[in-house]
2 protein chains.
Amino acid sequence: MSLRSALLALLSSGPMTGYDVVKQFSTSVGHVWHAPDSQIYPELRRMHSEGLLSSRPVPWGSRGATKTEYSITRDGEQALRHWQDEPEGYVRERDAAHLRAAYFEWAAPGAAATQLRAHIEHFRDQRAQALEQIAAIENRTSPTLARRLAANPEDQWERISRFKVFAYEGQVGRADQEIAWAERGLRLLEELGELDGPGERE
Amino acid sequence: MSLRSALLALLSSGPMTGYDVVKQFSTSVGHVWHAPDSQIYPELRRMHSEGLLSSRPVPWGSRGATKTEYSITRDGEQALRHWQDEPEGYVRERDAAHLRAAYFEWAAPGAAATQLRAHIEHFRDQRAQALEQIAAIENRTSPTLARRLAANPEDQWERISRFKVFAYEGQVGRADQEIAWAERGLRLLEELGELDGPGERE
DNA sequence: ACCGAATACCTATCGAGATAGTTATTCGCG
DNA sequence: CGCGAATAACTATCTCGATAGGTATTCGGT
């Protein structure tokens, strides 16, 4: 359900080709909800056949080739509104890094520290990407957002933008929390005598 | 991979029937890595046929019925150690609540606040459960942990326990972060004039 | 003894997602 | 013009997970 909601939400900013959509899932919306092209194209076609999206061929190049541009339909907008009314279906927890940490007693010397450092790196990267998205929103450099604002009355602009910033702040907060947790883990390893000493801490 | 790692890790505390394992995935380890019985039983059988687990029939009742008790093998322990050496394979982000929040402009009046309040409730519950697990570890009331400690030298007890507490602290921190985020979201809604006023805040 | 709950274990089906490809056309640079 | 990269779109296969069941036996309370 959430891929389809993400697709509707994205296309509510205006028409896009499948490829444009795929690009957005590799960049902006993809930081909140990722999907690969192999999932996106078939889903677009399904949603089209269900009436949530309409499509039209758009010229590509100067030799008669076309690409397909999708637009959200009224039914699609209805579905988008309905989505916001549905209770969130929380999935049961599956956190691989926390699972691993619970059993660090099985790790070879140094392996736990390596895992925690990699965890910190991963979430620093996630954090940086989320901050980039926030900057793009606040600086109005996101073409998708610009198009969305252009299609809405000016008194909605702050509202629309702030919800997006808020969502990415959730990603930043998540990353910060995971980094802090892993740093506490490194300190725990040090207390337990499992680090070679401050010099090995980077 | 992570279900099988979770199963190996759990069974490293000592032999268990499939049903015991399932019970643990509904309670303790299940807060970090959940799995339903329909996944667990077949996986136990697969791991048994691969030599990671051994099994034996154990009497059940007084009329000759038996149940199956699984134990980790040397190969299983090897696999557990190897898991700790493998780099974590981080999955791409798919956060339904953050996705939804990014598009709150589509929500009916009051719906966004309802979502955020439900989010807070969900993570308060998650938090409480993680704290219970921490208490069970610190109070030595977890039978699985007691058995694990009994099978290890006393100088390893603090180490083993603290890694588990550390993992659950990751869950607590996650929950805290999500609660704080959602509370900021309610304040945002208030700033945007989307809440009816302080009296409607609960 | 009966019966509901718990223990013990299982199947089927479907959706979601990962991954490793693939084909065709256009674009833009050397 | 040629060619590699980008655009544009697609398939196949497999794994993992969700969900809705199911059967059989024992336990324990009435």
Side-chain angles (χ1 to χ4, degrees), chain A residues 1-7 11 15-27 29-30 32-50 53 55-70 88-96 99 143, chain B residues 1-7 15-27 29-30 32-50 53 55-70 87-96 99 143:
Chain A
M1 185 66 227
S2 287
L3 173 56
R4 133 174 322 221
S5 303
L7 286 168
L11 284 163
M16 287 190 196
T17 64
Y19 194 83
D20 291 332
V21 168
V22 167
K23 288 289 285 297
Q24 293 298 310
F25 275 85
S26 292
T27 54
V29 66
V32 177
W33 191 273
H34 174 73
D37 62 312
S38 57
Q39 263 188 280
I40 292 170
Y41 285 114
E43 194 65 50
L44 286 172
R45 288 201 305 273
R46 278 191 291 268
M47 291 164 75
H48 177 259
S49 65
E50 289 177 34
L53 303 179
S55 69
R56 69 174 179 128
V58 165
W60 183 34
S62 45
R63 283 186 267 172
T66 61
K67 55 190 176 180
T68 308
E69 186 181 77
Y70 292 95
E88 185 61 70
Y90 290 95
V91 299
R92 297 297 296 268
E93 195 69 48
R94 284 187 181 86
D95 189 311
L99 173 65
Chain B
M1 186 61 232
S2 288
L3 173 55
R4 122 174 334 213
S5 304
L7 286 169
M16 289 189 191
T17 64
Y19 194 82
D20 289 332
V21 169
V22 167
K23 287 292 285 296
Q24 293 299 311
F25 274 84
S26 292
T27 54
V29 65
V32 177
W33 191 273
H34 173 72
D37 62 310
S38 59
Q39 265 187 279
I40 291 170
Y41 284 114
E43 192 66 50
L44 286 172
R45 289 202 306 277
R46 279 191 289 268
M47 291 164 74
H48 176 259
S49 65
E50 290 175 33
L53 303 179
S55 69
R56 68 171 182 131
V58 164
W60 182 32
S62 46
R63 283 186 266 170
T66 63
K67 54 187 173 181
T68 307
E69 188 181 76
Y70 292 96
E88 186 62 72
Y90 289 94
V91 300
R92 299 293 300 267
E93 196 66 49
R94 283 186 182 87
D95 189 309
L99 172 66

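From a predicted model like this one, the values you see are computed outputs, not experimental measurements. So that the names make sense, note that chain A is the first sequence line, chain B the second, and so on, each numbered from 1.
Rounded to whole angstrom, the span from the CD1 atom of Ile40(A) across to the C1' atom of dA8(D) amounts to 13 Å. For the pair Glu69(B) CD and dA8(C) C1', the computed distance is 14 Å after rounding to whole Å. Regarding Glu43(B), its CD atom lies at a distance of 16 Å from the C1' atom of dC9(C), rounded to whole Å. Atom CZ of Arg4(A) is separated from atom P of dA16(C) by 8 Å (rounded to the nearest Å). The NZ-P distance, from Lys67(A) to dC10(D), rounds to 14 Å in whole Å. Whole-Å rounding puts the Arg46(B) CZ to dT11(C) C1' distance at 13 Å. dC9(C) atom P lies 13 Å from atom CE of Met16(B), rounded to whole Å. Rounded to an integer number of Å, the gap from CZ of Phe25(A) to C1' of dA16(C) is 14 Å.
To the nearest 0.5 Å, atoms CD1 (Ile40(A)) and OG (Ser26(A)) are separated by 7.0 Å. Atom CG of Leu3(A) and atom CH2 of Trp33(A) lie 8.0 Å apart (nearest 0.5 Å). The CG atom of Leu53(B) lies 4.5 Å from the CE atom of Met47(B); values are rounded to the nearest 0.5 Å. One finds the CZ atom of Arg4(B) at 7.0 Å from the CZ atom of Arg46(B) (value rounded to the nearest 0.5 Å). If you take CD on Glu50(A) and CZ on Arg45(A), they are separated by 13.0 Å, rounding to the nearest 0.5 Å. With rounding to the nearest 0.5 angstrom, the CH2 atom of Trp60(B) is 9.0 Å from the OH atom of Tyr19(B).
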Taking only N/O atoms, report every protein-nucleotides 3-6 of chain D pair under 3.5 Å with atom names and distance.
none

Each nucleotide N or O in nucleotides 28-30 of chain D that has a protein N or O under 3.5 Å away: list the pair and distance.
none

Under 3.5 Å, N/O pairs linking protein and nucleotides 18-21 of chain C:
unit_1	atom_1	unit_2	atom_2	d
dA18(C)	OP1	Arg94(B)	NH1	3.1
dA18(C)	OP2	Arg94(B)	NH2	2.7
dT19(C)	O4	Ser38(A)	OG	2.7

- request: Go through the steps to decide whether Val32(B) and Glu93(A) satisfy the test side-chain contact (heavy atoms from CB on, under 4.5 Å), and finish with yes or no.
  value: CA-CA 6 Å; Val32(B) 177; Glu93(A) 195 69 48; 5.9 Å; no
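With dT26(D), dT26(C), dC9(C) as the choices, the nucleotide that has an atom nearest any side-chain atom of Thr17(B) turns out to be dC9(C).
Both Leu3(A) and Tyr41(B) sit near DNA chain C, but only Tyr41(B) has its closest nucleotide nearer the 5' end.
Residue Arg45(B) places at least one side-chain N or O under 4.0 Å from the OP1 or OP2 atom of dT11(C).
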